[in-house]
Amino acid sequence: MLFSELILAIMKAVNRQRTISSPYHLIKGKKSGQTIQDIGYFGLYPYFGVLPKLDKKAYDQAVQRLFSEGYLLDNDQVVDLSQKAMDLDIAASPLNGWKYRGKENLFFSRLSLIVQTFSHISQQQKNFDPVVINEEVQSWVKKYLKRINFRDLAVAQAFKIELFTTLTDSGSSETHKIIVTERLTGLALSGLTWQQIADSKNLSLLDVQLMWVEALHSWMGVIEQSKPPLLFGLMEDIIQQSSLTETAQRTKKLFDKGFSLEQIASLRQLKTSTIEDHFVELAMNDPFFNYRAFVNPALFEAIIAESRSRKTKRLREIKEHLPEASYFQIRLALAIREEQR
């Protein structure tokens with residue numbers, strides 16, 4: 001997937017319902033109530049936080065190119081796609097942003113240092129400058145290497161076999177796999193910079209970085225499923241144990257103990273609106289969430305019916321026709337999974 005395709009994939013989902021900047025916040029992984037609820041409303045889980053260091057200027061330039069190429073129509077209020085954009089067939093992507101939430105960077109940092117270590121030790125080179133300077137990663141890798149008896153050449157060979165086997169099984173294209181491997185450093189071989197890879201592939205910097213994330217998400221999924229003895233250890237603390245953000249988890253624990261929304265806001269010393277954001281997130285992710293504590297069934301059905309009849313998830317538009325519903329109740333109703341309704 002190219003960066004322009006990523007933007008268009010998100011814009012197709014939110015067309016005429018969100019602003020031009022909404023994909024930027026999603027791609028960056030902004031944990032605001034609006035961004036997180038949009039993930040559930042529009043099924044945008046794969047794209048969350050896939051490029052956390054995305055520069056706003058670079059994003060704006062990519063959007064301007066979409067305008068100049070005829071994919072976007074002038075509209076100061078919302079995303080407005082042309083028929084050309086709507087007809088564009090964007091291939092499915094292995095991105096899994098909501099699940100990994102940037103942890104692919106930790107996975108690759110560990111992998112990079114381990115590969116570099118094996119590369120040097122196998123040639124009896126004990127001293128080298130580590131490619132990863134993060135002390136936490138270094139400490140983790142040292143413990144991991146001792147645990148697997150890394151000085152045994154048979155272990156190094158087994159690690160290499162697991163690496164190539166799982167990467168092959170990931171189903172990534174050759175270009176994707178090359179981008180991953182060209183970032184690795186070994187004895188007398190330095191990993192390439194993003195710009196060097198982009199130039200060699202005639203791609204943009206953002207295209208290369210996005211394809212790198214795609215390749216890692218696909219690869220990590222294979223490792224998680226097949227559990228190869230050596231590589232699976234690198235997934236420690238990377239596999240998300242909960243689909244909720246940490247702050248929403250804390251709110252859930254208090255709610256499960258019987259505290260009301262207002263009491264939770266007081267206990268956590270947070271704004272009521274922030275706790276409302278947490279409940280919207282709960283409604284998105286918990287199949288057993290009981291919305292009746294906040295909105296009665298009749299109003300719930302009225303909100304859903306209004307959204308469907310007008311083909312919109314714009315809160316203000318629904319509120320205009322259902323003034324008796326609060327914005328929180330509308331957000332909550334829209335967040336409930338289809339199978340729960």
Side-chain angles (χ1 to χ4, degrees), residues 29 49-55 58 100-168 170 172 174-201 203-220 222-223 228-239:
V50 293
L51 292 174
K53 295 182 180 180
L54 176 61
D55 179 67
Y100 292 120
R101 300 180 208 175
K103 289 293 184 73
E104 66 275 354
N105 292 284
L106 176 57
F107 170 83
F108 194 76
S109 291
R110 291 171 175 176
L111 178 71
S112 297
L113 192 50
I114 292 167
V115 167
Q116 184 188 26
T117 302
F118 275 136
S119 175
H120 283 77
I121 294 300
S122 63
Q123 299 299 319
Q124 289 78 50
Q125 298 289 327
K126 296 182 179 180
N127 297 317
F128 59 88
D129 293 326
V131 67
V132 178
I133 60 175
N134 183 289
E135 292 183 358
E136 287 187 13
V137 173
Q138 288 184 2
S139 177
W140 187 94
V141 168
K142 286 177 182 177
K143 292 176 182 177
Y144 170 83
L145 289 172
K146 288 180 181 178
R147 189 166 69 244
I148 65 171
N149 191 22
F150 74 103
R151 295 185 187 280
D152 185 340
L153 293 180
V155 172
Q157 183 62 21
F159 187 92
K160 181 179 179 181
I161 291 172
E162 284 188 9
L163 190 156
F164 282 107
T165 299
T166 53
L167 188 54
T168 299
S170 71
S172 294
E174 284 304 308
T175 301
H176 282 76
K177 288 183 282 191
I178 289 171
I179 289 172
V180 169
T181 55
E182 285 185 339
R183 289 288 291 170
L184 294 171
T185 292
L187 179 63
L189 183 66
S190 297
L192 299 183
T193 67
W194 293 119
Q195 194 61 60
Q196 287 172 328
I197 297 174
D199 291 342
S200 69
K201 306 288 185 296
L203 294 166
S204 76
L205 205 66
L206 289 173
D207 289 340
V208 168
Q209 291 173 337
L210 181 61
M211 292 171 74
W212 178 80
V213 175
E214 279 189 309
L216 288 181
H217 283 189
S218 182
W219 190 11
M220 290 160 67
V222 169
I223 293 170
L230 297 172
L231 270 180
F232 188 64
L234 274 67
M235 299 294 288
E236 182 182 323
D237 300 325
I238 286 177
I239 302 172

Task: side-chain hydrogen bond (donor to acceptor under 3.5 Å, both in side chains) involving Thr185 - partner list, sequence neighbours excluded - done: none

Task: Interatomic distance, Ser204 atom OG to Asp199 atom CG [nearest 0.5 angstrom] - done: 11.0 Å

- [ ] Look up atom CD1 in Ile178 and atom CZ in Arg183, then write down how far apart they are to the nearest 0.5 Å.
- [x] 15.5 Å

Open item on the list: Can you tell me how far apart CG (Leu205) and CG (Leu210) are? Round to the nearest 0.5 Å.
Closed with: 11.5 Å

Taking distance alone, no hydrogens or angles, what donor-acceptor pairs closer than 3.5 Å link side-chain atoms of residues 136-161 to residues at least two apart or in another chain?
unit_1	atom_1	unit_2	atom_2	d
Gln138	NE2	Val132	O	2.8
Tyr144	OH	Leu230	O	2.6
Asp152	OD1	Ala154	N	2.9

Task: CZ on Arg110 to CG on Leu231, rounded to 0.5 Å - done: 12.5 Å

Open item on the list: Between Thr165 (side chain only) and Glu162 (backbone N and O only), is there a donor and an acceptor less than 3.5 Å apart?
Closed with: no

Task: Neighbour count above 12 (heavy atom, 6.0 Å) for Phe164 CZ - done: no

TODO: May I ask you to test the Trp219-Leu163 pair for a side-chain heavy-atom distance under 4.5 Å?
DONE: yes

- [ ] Answer yes or no: is there a side-chain heavy-atom contact under 4.5 Å between Asn105 and Tyr100?
- [x] no

TODO: Work out which heavy atom in Ser112 is nearest to a heavy atom in Leu184; give both atom names and the distance.
DONE: OG-CD2, 3.8 Å

Task: Atom pair CG (Leu113) and CG (Leu234), whose distance is rounded to the nearest 0.5 Å - done: 10.5 Å

Open item on the list: Restricting to non-hydrogen atoms, name the atom on Leu203 and the atom on Met211 that form the minimum distance, rounded to 0.1 Å.
Closed with: CD1-SD, 3.8 Å

Task: Spacing of NE2 belonging to His176 relative to OG belonging to Ser218, to within rounding of 0.5 Å - done: 8.5 Å

Task: Closest non-hydrogen atom pair between Thr168 and Lys177, with its separation - done: CA-NZ, 4.3 Å

Open item on the list: Tell me if a side-chain donor or acceptor on Glu182 pairs with a main-chain N or O of Ile197 at a distance below 3.5 Å.
Closed with: no

Open item on the list: If I compare all heavy atoms of Ala215 with all of Val180, which pair ends up nearest, and what's the gap?
Closed with: CB-CG2, 3.5 Å

TODO: Heavy atoms only: give me the nearest Met220-Ile238 pair and the separation to one decimal.
DONE: CE-CG2, 3.6 Å

- [ ] Spell out, as yes or no, whether a donor-acceptor pair under 3.5 Å connects the side chain of Lys103 to the backbone of Asp237.
- [x] yes

TODO: Answer yes or no: is there a side-chain heavy-atom contact under 4.5 Å between Thr166 and Pro228?
DONE: yes

Open item on the list: Could you report the tightest heavy-atom contact between Ile223 and Met235, atom names first, then the distance?
Closed with: CG2-CG, 3.8 Å

